[in-house]
A.B. asks: 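My structure is below; once you've seen it, I'll send some questions.
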Amino acid sequence: MNENIEFLQAFLKNPGKVGSIKPSSPELAQKMIEGIEPRKDNAVLELGVGTGAITKFLQEIVPDDRSYLGIELDPDLVQLLKRNFPDMTMIRGNAVNTTSIHQRSGIGKIGYIICCLPFVSLPNEVGEKILLEVDKFMQQGNCTFRTFQYAHGYYFPSAIKLREFMRDRYGKSKKSQLIVKNVPPAYTLSWSTK
Ligand SMILES: C[S@@+](CC[C@H](N)C(=O)[O-])C[C@H]1O[C@@H](n2cnc3c(N)ncnc32)[C@H](O)[C@@H]1O
């Protein structure tokens, strides 16, 4: 089945959790992985893998199955991901449990967090818990957190809250130019303790 249709089906089933009607475009995906060099002791953690729009670019630079961990909530999408990316470690789970999922996975130190979760449409308390989980990896040092925010939602309270949470701890974000070749147009934002 076409990736766009699978994504749309997931959105129709759970609009708030999916948060978009289309997977990220190749232009956004490439910006999300720019400069990333995954290794076993510097692994990539992808939160909210969806249909794998970013994963297919990550796959090109991930050297082995110990250098990547993907977490996705939707069981149908996880099934699809396992089929399409048999060499990548995909876990069906909730990002609020990221640290325990990571511990159980046996994957080494996380050096990059590629976060595609729709904070704008997630309940506040879920977003807060996930940020606290992310922070545990950042606190270990040598870690980059990267996410994207859609232009139309950039000033929504939850989008501002995420930026404030990260800015208070890790300073001003590195923000990309507006990626217009994405539906909807989006910015990427990165914070790093590298
Ligand atoms: C905006 S989509 C992004 C999908 C894909 N990474 C992309 O860029 O096209 C967000 C994804 O996050 C997943 N998701 C939402 N809440 C989640 C949670 N608490 N834990 C893990 N995944 C979650 C949704 O099921 C959905 O697949």
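None of the values given here were measured: they were computed from a predicted structure. What you see below is based on every heavy atom in this structure, not just the backbone, and it leaves out hydrogens, waters and symmetry mates. Counting starts at 1 for both ligands and their atoms, in listed order. Position 1 is the first residue of the sequence, and the numbers go up from there.
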A.B. asks: When you compare the side chain of F11 with that of K17, does any pair of heavy atoms fall below 4.5 Å?
C.D. replies: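 They are not in side-chain contact.
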A.B. asks: Do R169 and F165 form a cation-pi contact, if we require the NZ or CZ to be under 6.0 Å from the six-membered ring centre and within 45 degrees of the ring's axis?
C.D. replies: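 Satisfied, under 6.0 Å and within 45°.
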A.B. asks: Note the single closest protein heavy atom to atom 2 (S) of ligand 1, along with its residue, its atom name and the distance in Å.
C.D. replies: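 Answer, as residue, atom name and distance: V18 O, 3.3 Å.
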A.B. asks: At less than 4.0 angstrom from any non-hydrogen atom of A95, what atoms of ligand 1 do you find?
C.D. replies: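 Heavy-atom distances to A95 below 4.0 Å select 18 (C), 19 (N), 20 (N), 21 (C).
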A.B. asks: At what distance is the nearest protein heavy atom to atom 24 (C) of ligand 1, and which residue and atom is it?
C.D. replies: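 It is K17 O, 3.3 Å.
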A.B. asks: Would you say that I21 contacts L8 through its side chain, given a criterion of any heavy-atom pair below 4.5 Å between the two side chains?
C.D. replies: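 They are in side-chain contact.
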A.B. asks: Within the supplied structure, the quantity of interest is the number of heavy atoms (other residues, nucleotides, ligands) at a distance under 6.0 Å from K174 NZ; does it exceed 12?
C.D. replies: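 12 or below, so no.
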A.B. asks: I'd like to check I107 versus R66 (side-chain heavy atoms, cut-off strictly below 4.5 Å). Are they in contact?
C.D. replies: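 Yes, side chains in contact.
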A.B. asks: Treating E72 as the side-chain partner and V78 as the backbone partner, does any N or O pair qualify as donor plus acceptor under 3.5 Å?
C.D. replies: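 A pair under 3.5 Å: no.
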A.B. asks: Pull out every atom of ligand 1 sitting under 4.0 Å from any heavy atom of L77, numbered as shown with elements.
C.D. replies: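 In order of numbering, the contacting atoms are 27 (O).
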A.B. asks: What protein heavy atom lies closest to atom 22 (N) of ligand 1? Include the residue and the distance to one decimal.
C.D. replies: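 Protein heavy atom with the smallest distance to atom 22 (N) of ligand 1: L73 N, 3.3 Å.
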A.B. asks: Considering V49, N14, I21, which one's heavy-atom position lies nearest to atom 5 (C) of ligand 1?
C.D. replies: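 Answer by nearest heavy atom: V49.
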A.B. asks: Report yes if F7 has an N/O atom closer than 3.5 Å to an N/O atom of ligand 1; otherwise report no.
C.D. replies: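 Such a contact does not occur with ligand 1.
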A.B. asks: List ligand 1 atoms under 4.0 Å from P23, heavy atoms only on the residue side.
C.D. replies: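 Under 4.0 Å from P23, ligand 1 has these atoms: 9 (O).
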A.B. asks: Answer with side chain, backbone, both or neither: which part of A53 has a heavy atom less than 4.0 angstrom from an atom of ligand 1?
C.D. replies: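 Near ligand 1, A53 shows its side chain, while the N, CA, C and O stay back.
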A.B. asks: How about Y112 and N142: does a side-chain donor come under 3.5 Å of a side-chain acceptor?
C.D. replies: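 No pair is found: no donor N or O on one side chain lies under 3.5 Å from an acceptor on the other.
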A.B. asks: Answer with yes or no whether the side chains of E133 and T99 bring together a donor and an acceptor at under 3.5 Å.
C.D. replies: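 T99 vs E133: donor-acceptor pair found between side chains.
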A.B. asks: Looking only at distance, does N94 have an N or O less than 3.5 Å from an N or O of ligand 1?
C.D. replies: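 The answer is yes, given that N94 and ligand 1 share an N or O pair closer than 3.5 Å.
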A.B. asks: Report the nearest protein non-hydrogen atom to atom 23 (C) of ligand 1: residue, atom name, distance rounded to 0.1 Å.
C.D. replies: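 It is L117 CD2, 3.3 Å.
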A.B. asks: Polar contacts were defined as any N/O atom of the residue lying under 3.5 Å from an N/O atom of the ligand; does this apply to S24 and ligand 1?
C.D. replies: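 So ligand 1 has an N or O lying under 3.5 Å from an N or O of S24.
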A.B. asks: I'd like to know if the side chain of S25 reaches the main chain of L28, judged simply by a donor and an acceptor atom lying under 3.5 Å from each other, with no hydrogens or angles considered.
C.D. replies: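 Side chain of S25 to backbone of L28, a donor-acceptor pair under 3.5 Å: yes, one is there.
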A.B. asks: Should one rank K129, K22, E72 by closest heavy-atom distance to atom 25 (O) of ligand 1, which comes out on top?
C.D. replies: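 Shortest heavy-atom distance from atom 25 (O) of ligand 1: E72.
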A.B. asks: Would G48 count as being in polar contact with ligand 1, using the rule that some N or O on each side must be under 3.5 angstrom apart?
C.D. replies: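 Yes, there is a polar N/O contact under 3.5 Å.
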A.B. asks: Is it possible for you to check whether R163 lies under 6.0 Å from the centre of the six-membered ring of Y154, through NZ or CZ, and within 45° of that ring's axis?
C.D. replies: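 That pair qualifies as a cation-pi contact.
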A.B. asks: Give yes if a backbone or side-chain nitrogen or oxygen of L122 is under 3.5 Å from a nitrogen or oxygen of ligand 1, and no if not.
C.D. replies: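 No, no N or O pair falls under 3.5 Å.
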A.B. asks: List every atom of ligand 1 that sits less than 4.0 Å from any heavy atom of G50, numbering the atoms from 1 in the order shown and giving each element.
C.D. replies: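 What qualifies from ligand 1 is 4 (C), 27 (O).
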A.B. asks: So, 4.0 Å and heavy atoms of V96: is ligand 1 close enough to count as a contact?
C.D. replies: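 No.
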A.B. asks: Check if G93 has a non-hydrogen atom at a distance under 4.0 Å from any atom of ligand 1.
C.D. replies: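 Within the 4.0 Å threshold, so yes.
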A.B. asks: I'd like to check P185 versus N182 (side-chain heavy atoms, cut-off strictly below 4.5 Å). Are they in contact?
C.D. replies: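 P185 vs N182: side chains apart.
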A.B. asks: Any idea which atoms of ligand 1 are less than 4.0 Å away from a heavy-atom of C116?
C.D. replies: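 The atoms of ligand 1 under 4.0 Å from a heavy atom of C116 are 1 (C), 2 (S), 3 (C), 6 (N), 10 (C).
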A.B. asks: Can you tell me how the ring of Y150 sits relative to the ring of H152, calling it parallel under 30°, perpendicular over 60° and tilted otherwise?
C.D. replies: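 Parallel.
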